[in-house]
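Below is one structure, written out as structure tokens; comments come after it.
Whatever order the structure lists ligands and atoms in, that order sets their numbers, starting from 1. Numbers here simply count residues along the sequence, with the first being 1.
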Amino acid sequence: TSFSTLLQVSYSPTVLERRFALRTLRNLGLGKRGLEHRVQEEAHYLVAFFASMKGKPLDPSFPLVHSVSNVICAVVFGHRFSREDETFHELIRKLCGTTCVSLPQLYEIFPWLMCRLPGPHKKALSCYEVLSSFTRREIRMHTERGMPDEPQDFIDFYLAHIEKMSLPRSVFYIKINNNMVYSINDLFLGGSETTSTTLIWGLLYMVANPDVQEKVQRELDAVLSPSQLICYEDRKELPYTNAVVHEIQRFSNIISVGMPRVCVRNTTLLGFPLKKGTIVLPNIASSLYDPEQWETPRQFNPGHFLDKDGNFVSQEAFLPFSVGHRVCLGEHLARTELFIFFASLLRAFTFRLPEGVTKISTEPILGGTLQPHPYRLCAIPR
Ligand code: HEM
């Protein structure tokens, strides 16, 4: 298979790439406050875009995917893209409504099957190809401009890393053309589709639960001033909003099945014998919907994360980022984005269904990530 990535099943190259990616992302400020201003900047553009619609009905997926992807672009490519950039526009259009996240894994496990099957993965594959050529263009621009004194983004770090390994020229270019492109694609796909899909669900739940939306707005109004920059740290003063963001993630359960693992030796799991080589899929939904852990597992209920006095409480069964060695690399960034984007939007707008629309479906479309059916809403300035 042509996919060789951070997300794949097999172990040894992945461990090295993961370690490298983690160190690099940390250097770039992921997990620290360094990236927060990028998120705040995008939240500002997002609010301006919704405001420019003047309450007219719109499908929120395009602006949300655009904003979330731009945060990753800042990390990986070192800059954001304006709404007018045609190439980026095409990429985002392809990403909207397409699940590409699990594509490399599916090819890794079932290459013979994937090549023969017709179906939606062909659309995802074409999206993956557009992304790869986009990434290659950015890498080319980086190699042409030469290395800055201080690496500025993921590509700079990666190029410096490859150069340090003093490889023969041919291997150098193979590494750039394969591993590097796929690693960057992984960050882009892992970082864009997941976070934006969660936000698309979030706005849908607000339209479906106007009482919850109102309560969030009351809390935001009481704690924040209208133009104050929202920080991730503010969640501590906003327990209800924080609980709603958590409940959006729990209830939407977007990655209901985690990345596949391979048993490296014979073992037992919960009493079941597993042979070396067996593929194991973590069932994330089993914890997010566990009837023993949640009061109303099949209902949207922010109370799952609040005590009787309205304080935020974390829950052990809340595992949307999975756990263990392969836990999500972007967890901190994702949490920061979800909180800042959601709070910024709800402070500025009330979300409603367009006039005449009375039905909303909160059933997911089954795919690599669970996505809502396309819908339109009105963002009414407050
Ligand atoms: C709401 C947003 C997100 C959710 C729900 C999510 C969830 C997950 C899950 C469940 C996994 C698999 C872990 C496993 O199987 O044990 C994963 C892996 C991964 N995620 Fe995320 N993720 C999100 C956002 C992000 C962001 C923003 C980034 C990038 C900065 C990112 C990058 C990755 C990468 C690179 C992996 C593979 C890690 C590895 O296998 O070593 N994710 N994510």
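Of all atoms in ligand 1, listed by their number and element, those nearer than 4.0 Å to a heavy atom of P320 are 5 (C), 7 (C), 10 (C). Which parts of ligand 1 touch T198 is read off a 4.0 Å heavy-atom cut-off, strictly below it: atoms 1 (C). Those atoms of ligand 1 that come under 4.0 Å of a heavy atom in A334, given as number and element, are 2 (C), 24 (C). Each of the following atoms of ligand 1 lies closer than 4.0 Å to a heavy atom of S322: 10 (C), 13 (C), 14 (C), 15 (O), 16 (O). The contact set between ligand 1 and Q249, taken as ligand atoms under 4.0 Å from a residue heavy atom, comprises 1 (C), 5 (C). Near R261, with a cut-off below 4.0 Å to any heavy atom, the atoms of ligand 1 are 14 (C), 15 (O), 16 (O). Taking every heavy atom of I284 and a limit of under 4.0 angstrom, the matching atoms of ligand 1 come to 10 (C).
The closest non-hydrogen atom to atom 43 (N) of ligand 1, taken over C328, G190, P260, comes from C328.
Atom CG of L204 sits about 12.0 Å away from atom CZ of F351, to the nearest 0.5 Å. The structure places CG of L238 at 11.0 Å from CZ of F342, a figure rounded to the nearest 0.5 Å.
The closest approach between a heavy atom of G324 and any atom of ligand 1 is not below 4.0 Å. Close to ligand 1: I255, with a non-hydrogen atom less than 4.0 angstrom away. Ligand 1 is never approached by V68 to a heavy-atom distance shorter than 4.0 Å.
Residue contacts with ligand 1, taken as heavy atom pairs separated by less than 4.0 Å, do not involve V75 at all.
Between the side chains of N283 and S256, not a single donor N or O lies within less than 3.5 Å of an accepting N or O.
Ring geometry for H89 versus F62: interplanar angle of 30 to 60°, hence tilted.
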* CA sep, side-chain torsions, deciding dist, call: F88, F77, ring-ring contact (aromatic ring centres under 6.0 Å, His included) -> CA-CA 12 Å; F88 191 58; F77 304 139; 8.4 Å; no
message = Before you tell me yes or no, could you show the steps for H373 and Y375 under ring-ring contact (aromatic ring centres under 6.0 Å, His included), namely the whole-Å CA-CA distance, both residues' side-chain angles and the distance that decides it to 0.1 Å?
response = CA-CA 6 Å; H373 290 268; Y375 67 93; over 10 Å; no
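Taking the six-membered ring for Trp, F305 and Y240 have ring centres at least 6.0 Å apart.
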Distance-only check: which donor-acceptor pairs under 3.5 Å involve side-chain atoms of residues 266-276, not counting sequence neighbours?
residue, atom, partner, partner atom, Å
N266, OD1, K276, N, 2.7

